[in-house]
Structures are given as C-alpha cells and as structure tokens.
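Everything on this sheet refers to the single structure shown next.
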Amino acid sequence: MADYELIVGFEVHAELATATKIFCGCSTEPGAPANTHTCPVCLGLPGVLPVLNGAALEHAVRVALACHCGISSPSIFERKNYYYPDLPKNYQVSQKRAPFGVDGWFDLEVDGTVKRISIVDIHLEEDAGKLVHPEERSAAGYSLVDFNRAGVPLLEVVSGPDLRSVAEAEAYMTAMRRLLQYLGASDARMELGQIRFEANISVRPVGTETLGKRVEIKNLNSFRTVTRAIEYEMARQIDLYERGGAVAQETRLWDDARGETQAMRSKEESHDYRYFPEPDLVPMVFTDAYLADLAAKLPELPAARRTRFIEAFGLPEYDAAILTGEKTIADFVDAAVALGANPKTVSNWIMGEALRLLNEKGLAPDALPITPRALADLIALVDDGKINANQAKQVFAEMFDSGAAPEEIVKARGFAQISDVSALAAIVDAVVAANPDAAAKYTAGDDKPLGFLVGQVMKQSRGQANAPVVNALIRKKLRGE
Amino acid sequence: MALSREEIAHVALLSRLHFTEEELARFTEQMNDILLHFETLQEADTSAIAATTHVVPMVNVLRDDVPCPSLPPDTALANAPERVDDLFKVPRVVE
C-alpha cells in the first residue's frame, strides 16, 4: 500500500458577539423561549428593509485584518438562494464575489514550529433558524422551527487546503477559536453552537502534487467529532483508492452514533445557489484611514501575549502557554498581577487549584467563579503571614464554591497563623515530651520522624502553626541546628 | 445562445415551480426571446465600466447594535400554516 498524505481545509462558522442580529434589532441572547426573538425582518416577511449592524461589520473587518486579509472595498452582500424550512426568505444573505476579507494568512504553531496557513476568504452572513425533529420517525412526521437564531451574524473563515495531519487540524481549530475570542469577535462556545466547523478532506499519495477529489464534512459539533471524522474519512478515501475506486466530490454528514460519514442525499441542483447582489443592502466602502485605525486598535493576540507573559512576568514557557490558551484565564492573570500579586504565585494558583477545581466540577475556564481581586487578596494574606499555605488552599476552595471574599472566610473559619516563636516553642516542647521515641530517633539522625512531629504541632495548633517556623524550632531543639 | 427545454425545467425546479408541458414550451420560447434582447444589449462596449451591483447612490448604511422589542410569539406565528406550541410546524425534513 502506498503512503498517503492527508489534506484538510476548514470552513469555520462563528456567531459574532453582538447584542442584536445582523439586519434587525432582535436580541441574539441564546436560550430564549422559541420564537421570542423574531421580527418581520428576520422572519422574512414582505416589504421589510434590512439594515446592517455596525458592530457585526466591525467584528468581521477586524478578524479579516488580524488574518492579514485584503479588504474588499466596496464589499457587497449577495443572496444565496435555496429552499429549506430553517431559512424563511428562501435565500441566505451572504457574500461571494466581494467578501470583506480575501487572501490572508494565519500563522499556526504546531509542536513548536510555525506553519503559515492561507486564508481564502472571510465573509459575513446570516445564521439560519433551528430545526427540531420530534422523536417519532413515521412518514407523517413533522419538524418544528424556531427562528430565534435566524439572522444572528455569522462569520465564515475559509482556509486553504494547507493542513497535513490530524494534529495540525486540531491545532488550527483551537488557534482559530482562540483568535476569535481574543478579538472579542465571538464567544465561540462550542456547546452553544457559537462556533462550528466544516472540514474539506482529501488524500493523495505522498510525493504527488495534485490535490485529490475533496469531500466536505458537515455536522461536526465538537473538536473530538472533527478528529474522529477526519480519521474516518481519511481511511475511507485511502481504502477507495487502494481498491481502484474513485472518491466522489461530495458533501457527507458525520453520524456520531455510528462513527462514520454518510453521503448526503445529493440533489444535483443543491449547489446551484444562483448568487446575485442583495438589492436591499448598499455596498460597504472602507477608507484607508478607517482600516488603519481598526488595525492599530487590534488587541494583543495570543502569541504576543504569551511572549509578554514569559518576558515581562518571568513565567516559564509552559505556564505562559497554558495561561494564554484561554483568553478569560489570561485576562484574569493580567488583572490579578495589576492588583499587585506576584505573577508566578498567580500562575501557581491558576495552574494548580483553579484548573483542578474547574476540572473536578466540569466547568469551562471562562466559568472561573473567583475574581482577580479575591485571588490577589488571598495571596496577600499568605505573604503577610496571616494564614499558612494549607489554610490558603482551604480558603481558595471555599472562595471557589461561595464566591466569598478571602478575609471573610478567614474570619468565619477562625483561621490565623501562629508565627510567634515563643508560642510555637511551647507547643513543640509539649509534643516532644509526649513523643519521646520519635524525638529520640530524630535526634539520632533519622529524618523520618520530623514530618510526624511537625504534624503533631500543626494538630495541637489546630492547623494554625507556621510550618517553616515549626520545622526550624524542632531542628534546633533536637539537633541544635 | 439558446436555452433548452431541459434547462428551463431545471430552473423551474430550483424555484419550486411546477409547469405543464405546454407552459414549459411557451416559457422556453419566451426566455429565449428575452436572452435575444440581452444579446442586443451586449453589443454596447462596457469594458471601461464596473459591474453595477447597486443602483442607489448610497454606501455604508449602518445600524447601532441596540436591541429593539421583538414580536410577541403569537404575532410571529400568526401566518404559520400550523404550529406546535410556539414553534412553526413544517413537513418533516431530514439530513
């Protein structure tokens, strides 16, 4: 069997983080009761006039600029005509011949090396409604439509066929989602369908240059699904070629339950969209000054932020990569450091307790229930010697659960740290007297009983003893060190 | 360039229009008459003119991103042929 090379390109759809829909003032808030965010414009009633949402336009242009795209000026909207019950107008307003962004690139880091991925175009369109299919599978079955999502601004980023492995595909998805979040263009929450992926997949024998027939895979709802679908589709296509068959250029749907892709019931006409300019929306023209201003105001992007965390905060590369992986976490670190906390200490809390508790409770990183202020205050309590490390962990866990301020928790729990040497020395004397065997062993040179003795002192002090001070006191008392 | 009866049937299908054989024949002829007229228009030299995408001399018409009240669901669903609760009911679609 010949060796085959995988070739993947993506169409990434992201719902933009606007308060209202793309062409009307209906809210985009997810989770509302069915058909409560609709109006004559997004229901496609006759005689209405759509007007472009300025915030959606700005998001689209900023993403295009961040991806080094040329900006079409004028940019125009077109009608993409097809019939489906989730599309009330029987056309989707989209962009085809003059999208906002064209011919850009995106630097993707995979395993420490940077690969430049081409961005074919970035265009703005409207989302469709949501179809609900009731359980019954009878011929007389029906579907239900909720148009709350119809008209939500959707940005589509189309990449070139530049990805060559599952690892690269995964890195691209993660990095593109991160970029959209850093730009504030989309919340990009997968579980809410705010970011969706369609993969174009083909294979070719290693060493050949022509691209094989590509298959477009739809219905990919999670990163893991995309990975599985790519692996399945790669094997299917290789198998076809090996058996002397041919891959048909088609759209296939991922069936997650069966773990396979299936050809869509293809109607020959389904891709004949008959695009034409949308007469109800006027062209967009951009001045150089406007574009330069937007470009200058782009926020710090993930790679730059990671470098800053390493150089300005002195964090290890490993910490910096994890902390900047999620924008909300990176924002948290910046805010806590701005409040005076030591960056490495903040990093240790986030990478340790915070991520552990998030993971344990099945929460996403953007659901971190504590504030930068609370963490900075907690760190200050430890630095000032008011509580010890062990108590701090308990306070952190309680902050995480209740959202209470650290000082309140310390007060309510009666936490305090005893650092006073004479007070601790009295407890040490009592513990040594009560445990003569352990004390004798330690004096004789066996280090093992030290932990036990410190633990006894901690217990006697109800966990409030300053552990390093206790250590020093025991060493001094028993070994004269 | 002339359109065939099959091409007209295809365009009709795309537009979800159902024509009788007699209508298909008549519309094929009429569509070809219209195309002939465009052939006349194509004699004009437009090489120096950008394609017209819009006839109104306006650009950059934008709206502020401020929510407005939506319709009450009963109004939104007033024209629905059928409904289940506050959802539009349509013939079953799969894919």
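By convention in this document, chain letters (A, B, ...) are assigned in the order of the sequence lines, proteins followed by strands, and residues within each chain are numbered from 1. Every heavy atom of this structure was used, including side-chain atoms; hydrogens, water molecules and symmetry mates were not.
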Hey, could you give me the NE2/CG distance between B:His54 and A:Asp280, rounded to the nearest 0.5 Å? 7.5 Å

So for A:Glu278, is it side chain, backbone, both, or neither that comes closer than 4.5 Å to the heavy atoms of chain B? backbone

Min side-chain heavy-atom separation A:Arg274-B:Val11 under 4.5 Å: no

If you count heavy-atom pairs under 4.5 Å with chain A, which of B:Val56, B:Val66, B:Asp64 comes out on top? B:Val66

ring-ring contact (aromatic ring centres under 6.0 Å, His included) partners for A:Tyr290, two or more places apart: A:Phe286

If you measure from OG1 on B:Thr75 to CG on A:Asn35, what distance do you get to the nearest 0.5 Å? 11.5 Å

I need the residue from A:Cys26, A:Ala19, A:Pro277 with the largest number of non-hydrogen atom pairs under 4.5 Å to chain B. A:Ala19

May I ask you to name which of B:Asn60, B:Asp85, B:Asp86 has the most heavy-atom pairs under 4.5 Å with chain A? B:Asn60

Please classify the contact between A:Pro40 and chain B as side chain, backbone, both or neither, with a heavy-atom cut-off of under 4.5 Å. both

With a 4.5 angstrom heavy-atom cut-off, is it the side chain or the backbone of A:Cys42 that approaches chain B, or both, or neither? neither

Can you tell me which residue among A:Thr28, A:Leu57, A:Thr18 is in a side-chain contact (heavy atoms from CB on, under 4.5 Å) with B:Asp65? A:Thr18

Partners meeting ring-ring contact (aromatic ring centres under 6.0 Å, His included) with A:Tyr275 (sequence neighbours left out): none

Measuring only between side-chain heavy atoms, which start at C-beta, is B:Arg63 closer than 4.5 Å to A:Thr20? yes

Looking at A:Tyr142 and B:Val84, what are the two nearest heavy atoms and their distance? CE1-CG2, 4.1 Å

Are more than 12 heavy atoms, taken from residues, nucleotides or ligands other than A:Asp293, located less than 6.0 Å from that residue's CG atom? yes

Heavy-atom distance under 4.5 Å to chain B: side chain of A:Phe276, backbone, both or neither? neither

Counting heavy-atom pairs under 4.5 Å with chain B, which one of A:Pro33, A:Pro279, A:Cys39, A:Ala55 comes out on top? A:Pro279

For a 4.5 angstrom cut-off between non-hydrogen side-chain atoms, does B:Leu71 reach A:Leu43? yes

Decide if atom CD of A:Glu250 counts as having more than 12 heavy atoms of other residues, nucleotides or ligands within a radius under 6.0 Å. yes

Shortest non-hydrogen separation from A:Met284 to B:Leu62 and the atoms involved: CE-CD2, 4.1 Å

Interface moiety of A:Pro283 toward chain B, non-hydrogen atoms closer than 4.5 Å: both

A:Asp288 atom CG, neighbour heavy-atom count above 12 within 6.0 Å: no

A:Asn90 and B:Arg16: side chain to side chain contact (heavy atoms under 4.5 Å, CB included), yes or no, with the steps? CA-CA 11 Å; A:Asn90 296 333; B:Arg16 301 296 187 269; over 6 Å; no

Side chain / backbone / both / neither for B:Pro91 at chain A, heavy atoms under 4.5 Å: backbone

